[in-house]
K.L.:
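Pasting a structure below so you can have a look.
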There are 2 protein chains.
Amino acid sequence: MADIKTAPPPSFLREAELRQAIELLFYAYRDFTSDPDAILASYHFGRAHHRVIHFVGRNPGMTVSELLAILRITKQSLARVLGQLVRRGFIEQRHGQRDRRQRLLYLTAKGTELERALSQPQRGRVARAFRDAGPEAVAGYRKVLLGLIEPSEREKVLRSILRE
Amino acid sequence: MADIKTAPPPSFLREAELRQAIELLFYAYRDFTSDPDAILASYHFGRAHHRVIHFVGRNPGMTVSELLAILRITKQSLARVLGQLVRRGFIEQRHGQRDRRQRLLYLTAKGTELERALSQPQRGRVARAFRDAGPEAVAGYRKVLLGLIEPSEREKVLRSILRE
DNA sequence: GGAATAAGTCAACATGGCTGACATAAAGAC
DNA sequence: GTCTTTATGTCAGCCATGTTGACTTATTCC
């Protein structure tokens, strides 16, 4: 306990660095999410529809409750976009066989096709960024983003993401 | 041109990795942006107000046009939140001296105080993630996020971010 | 058989985007 | 010195997407 002075934070934890990191996240997310807007607009869909299509595509057979937990919205909000997607034939609902109260969600062929079209420019953007940054930078990106996720959610997210 | 076969992409560019990167961005942004919600709600403000306060705080004396370009919204949308912030004394507008048509934007003392309160949990979250991930991961995070930004915007963003 | 759960639905409202039309003041062009 | 352009503000209405609250239906669990 000889040295009671608080050491200054290492440079990568200084306030300016943190602020820069925050702004980078804003700009990257802003540009990343705008990629599919033109396609969505041509279907008269919005970003909310895209999120639903994305997660149902990634988790075929997921329940409505699971989707709600991921999106962090109310079932009334979800009902609007999900209903449109079902009525227009992009998503199909089947009864669970274990639990017939559940409605398991699946993309139809049409839904899968739209999902591919929507994600294509985003995958391209990420691929370019990854290629330019190199594999070590990519590892760092993943590590930091995972650390930004609410700790209590981290396990669940990891399991969901890593499932092939 | 002996080998005409296309080589498989290196593992960090495979489709599954790209998808994981996309989902990480979604989850991290979701949790990151929810931090200041409780504070905002206590002022009857929303995330739109936070964005304005953040960027005016970061760029004192910026013009309305510059703010519009960063936020990518219309002036009518901005007018709603900006008007409230000005009327309630969080942001101050001064005439430009070079160009008196411009309204230069500044946080008031009250605005600065709110900005600190709003950003505090976010800075904490980023600081923890950075500390846990280490400086090399942080460098990678920055590299990749910068690469995700629209190339034509990258210079401008960098200049804006790095300005102290 | 009754309580709890998964999902759906209706209504009303808030936030924060949008377009279009128009006003004002100042700057810049000639 | 007028004319055009630019920076900003404002009104009106619409749309997308979030919220709360109340209620229903079907099914499962105890």
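Here is the naming used below: chain letters follow the sequence lines, and residue numbers restart at 1 for every chain. All values derive from a computational prediction rather than experimental measurement.
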K.L.:
Looking just at side-chain N and O atoms, do His54(A) and Glu23(B) make a donor-acceptor pair shorter than 3.5 Å?
P.N.:
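The answer is yes; a qualifying pair exists.
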K.L.:
So what does His95(B) touch, heavy atoms closer than 4.0 Å: a base, only the sugar-phosphate, or nothing?
P.N.:
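Nothing, no nucleic acid heavy atom in range.
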K.L.:
Could you tell me whether Asp31(B) and Arg72(A) make a salt bridge, using a distance below 4.0 angstrom between a side-chain N and a carboxylate O?
P.N.:
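Salt bridge flag = yes for Arg72(A) with Asp31(B).
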K.L.:
Answer with base, sugar-phosphate or nothing: what part of the nucleic acid does His44(A) contact at a heavy-atom distance below 4.0 Å?
P.N.:
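His44(A): no heavy atom of the nucleic acid under 4.0 Å.
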K.L.:
Would you mind reading off the distance between Asp37(A) atom CG and dA16(D) atom P, rounded to a whole angstrom?
P.N.:
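Distance check: Asp37(A) CG to dA16(D) P gives 13 Å.
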K.L.:
For Leu78(B) and dT10(D), give me the distance from atom CG to atom C1', rounded to whole Å.
P.N.:
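In whole Å, dT10(D) C1' and Leu78(B) CG are 13 Å from each other.
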K.L.:
Return the value, rounded to whole Å, for the distance between atom NE2 of His50(B) and atom P of dG17(C).
P.N.:
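Distance, rounded to whole Å: 14 Å.
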K.L.:
Any salt bridge linking Asp37(A) with Arg47(A)? Criterion: basic side-chain nitrogen under 4.0 Å from a carboxylate oxygen.
P.N.:
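Salt bridge: yes.
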K.L.:
Indicate whether OP1 or OP2 belonging to dA26(C) is found under 4.0 Å from a side-chain N or O atom of Arg100(B).
P.N.:
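So the side-chain polar atoms of Arg100(B) do come within 4.0 Å of the phosphate oxygens OP1 or OP2 of dA26(C), strictly under.
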K.L.:
According to a strict under-4.0 Å criterion, is Ser77(A) in side-chain N/O contact with OP1 or OP2 of dT17(D)?
P.N.:
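Ser77(A) to dT17(D) OP1/OP2: no side-chain N or O under 4.0 Å.
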K.L.:
Between dA7(C), dG16(C), dG18(D), which nucleotide has the shortest distance from any of its atoms to the side chain of Lys75(A)?
P.N.:
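From the listed options, dA7(C) comes nearest.
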K.L.:
Think Ser65(B) has a side-chain N or O under 4.0 angstrom from the OP1 or OP2 of dA7(D)?
P.N.:
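It does not, given that no N or O in the side chain of Ser65(B) lies less than 4.0 Å from OP1 or OP2 of dA7(D).
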K.L.:
With a 3.5 Å cut-off and just heavy-atom distances, do the side chain of Arg47(B) and the base of dG16(C) make a donor-acceptor pair?
P.N.:
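Donor-acceptor pair under 3.5 Å: no.
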K.L.:
Which nucleotide, dA6(C), dG18(D), dA21(C), lies nearest any side-chain atom of Gln76(B)?
P.N.:
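Minimum distance to the Gln76(B) side chain belongs to dA21(C).
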K.L.:
Please determine, for the side chain of Ala48(A), which listed nucleotide (dT8(D), dT27(D), dG18(D)) has the closest atom?
P.N.:
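So the side chain of Ala48(A) is nearest to dG18(D).
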K.L.:
His49(B) NE2 to dG17(C) C1': how many Å, rounded?
P.N.:
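After rounding, the reported distance stands at 13 Å.
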K.L.:
Any ion pair linking Glu92(B) and Arg94(B) (charged N to carboxylate O, less than 4.0 Å)?
P.N.:
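Yes.
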K.L.:
Rounded to the nearest angstrom, tell me the gap between atom CG in Leu82(B) and atom C1' in dT10(D).
P.N.:
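My rounded result for the distance is 13 Å.
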K.L.:
If you assign Arg103(A) and Ile73(A) each to the DNA chain D nucleotide with the nearest heavy atom, which residue ends up on the more 5' nucleotide?
P.N.:
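Comparing both residues, the 5'-ward one is Ile73(A).
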K.L.:
Around Lys110(A), counting heavy atoms of other residues, nucleotides and ligands shown, do more than 12 lie under 6.0 Å from its NZ?
P.N.:
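Yes, the 6.0 Å shell around NZ holds more than 12 heavy atoms from other groups.
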K.L.:
Within this structure, what is the CG-to-C1' distance between Leu40(A) and dG17(C), rounded to whole angstrom?
P.N.:
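My rounded result for the distance is 15 Å.
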K.L.:
Is there a donor in the side chain of His49(A) and an acceptor in the side chain of Gln84(A), or the other way round, less than 3.5 Å apart?
P.N.:
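Side chains of His49(A) and Gln84(A): pair found under 3.5 Å.
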K.L.:
How many Å lie between CZ on Arg98(A) and P on dC29(D), as a whole number?
P.N.:
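Whole-Å distance recorded here is 10 Å.
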K.L.:
Base, sugar-phosphate, or nothing: which does Gln84(B) touch, judged by heavy atoms less than 4.0 Å apart?
P.N.:
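Contact class for Gln84(B): none.
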K.L.:
Round to the nearest Å and state the distance from Leu104(A) atom CG to dT27(D) atom P.
P.N.:
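In whole Å, dT27(D) P and Leu104(A) CG are 14 Å from each other.
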K.L.:
Output yes when at least one side-chain N/O atom of Arg101(A) is less than 4.0 Å from OP1 or OP2 of dT24(D), else no.
P.N.:
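Answer is no, no contact under 4.0 Å.
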K.L.:
Would you mind telling me which of dT8(D), dC18(C), dA7(C) lies closest to the side-chain atoms of Val64(B)?
P.N.:
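For the Val64(B) side chain, the nearest candidate turns out to be dT8(D).
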K.L.:
Give the nucleotide from the list dC18(C), dT6(D), dA6(C) with an atom nearest to the side chain of Gln102(A).
P.N.:
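Taking heavy atoms from C-beta onward, the closest nucleotide is dA6(C).
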K.L.:
Given dC18(C), dT28(D), dG9(D), identify the nucleotide with an atom nearest to the side chain of Gln93(B).
P.N.:
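From the listed options, dG9(D) comes nearest.
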